[in-house]
Amino acid sequence: MEIIKFKGVKKRYYSGTEAIKGVDFSVRKGEIIGIIGPNGAGKTTLIKLILGLLKPTEGEIEIFGKDIKNIKKLERNKIGMVLDTPGLYDDLTIEENIKFWQKVYKKNNNEIWDLIDRWKLAEKKKTLIKKLSAGMRQKVAILNSLSHDPELVIMDEPTSNLDPEARRDIVDFLKGFKGTDKSLIITSHDLFDIERICTRIIFLRKGKVIVDGTLKEMKKAL
Ligand code: ADP
Ligand code: ADP
């Protein structure tokens, strides 16, 4: 089943910059996709289009088989997201933050409590978000994105600007999406992380898809 479909999608900002210049691709359930490309390639714009945070200037986008214009809350709730600036409430503790999202979604995803232990955040449960390191904040942002047990998780640069330990923990966790029925889309400018996590790579440059395939296919094309 296709959960995302882009047909001739273009995005021009008000400034006139054409960030996405005619992109076609689809994503099937269970795929683990890495969107890679240099700064300014359009990775974040592409993700915001999928999330419905930006409207395409041209073309069509379908999410879960429906035109994105007609997506209801029910479908939106099947998506979890981590954007590049984690939208965390600085003055809450880790525990309060997690309880907040569980209240919002009325769900208790047990995976979260396992992750808190694995990521050694258990002893930090009563610590304010603003007192945490960048790596820990990123981990909390990832926990938030999973709080409603979404089918599709989208993360913008989940592994950049982190200390090596946090990066390793997060990469190890993301590797676990392979072989599940959950779909994952991450962006990165680091091929090393992408190749360990993803089964398919979309290489963007100047708003266009240059390669869409396996790592082998991408290396051949370069
Ligand atoms: P948000 O989703 O929070 O509105 P955006 O990515 O849309 O974030 O924009 C972030 C800010 O960067 C906005 O204020 C936008 O106007 C500004 N901006 C303007 N020109 C550029 C540019 N060329 N590259 C990146 N950001 C830009
Ligand atoms: P990437 O995530 O690959 O670095 P972006 O999607 O952030 O690329 O940006 C693609 C292009 O669109 C860049 O030229 C960037 O300057 C421009 N851009 C991004 N956000 C905005 C914005 N809010 N307003 C105007 N231009 C933007």
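Counting starts at 1 for both ligands and their atoms, following the listed order. Predicted model, so just to flag it, every value in this text is computed and none were measured.
- Evaluated for a side chain to side chain donor-acceptor pair (under 3.5 Å) with Arg167, the options Thr159, Asp193, Asn161 yield exactly one hit, Asp193.
- The residues Lys126 and Glu95 are annotated as salt-bridged, a charged nitrogen and a carboxylate oxygen being separated by less than 4.0 angstrom.
- Taking any N or O of Ala19, backbone or side chain, none lies under 3.5 Å from an N or O belonging to ligand 2.
- The atoms of ligand 2 that sit less than 4.0 Å from any heavy atom of Ala41 are 1 (P), 3 (O), 8 (O).
- Numbered from 1 in the order shown, with element, the atoms of ligand 2 that lie under 4.0 Å from a heavy atom of Ser15 read 25 (C), 26 (N).
- The ligand atoms of ligand 2 that sit less than 4.0 angstrom from a heavy atom of Thr17 are 12 (O), 14 (O), 17 (C).
- Ligand-side atoms of ligand 2 in range of Pro38: 3 (O), range being under 4.0 angstrom from any heavy atom.
- The closest heavy-atom contact to atom 5 (P) of ligand 2, among the options Leu204, Thr45, Ile35, comes from Thr45.
- Here the side chain of Thr45 pairs no donor or acceptor atom with the backbone of Ala19 at under 3.5 angstrom.
- By the salt bridge (Lys or Arg N to Asp or Glu O under 4.0 Å) test, Asp163 is found to be paired with no residue, residues two or more places apart in sequence or in another chain being considered.
- The salt bridge (Lys or Arg N to Asp or Glu O under 4.0 Å) test applied to Lys69 returns Asp67, not counting sequence neighbours.
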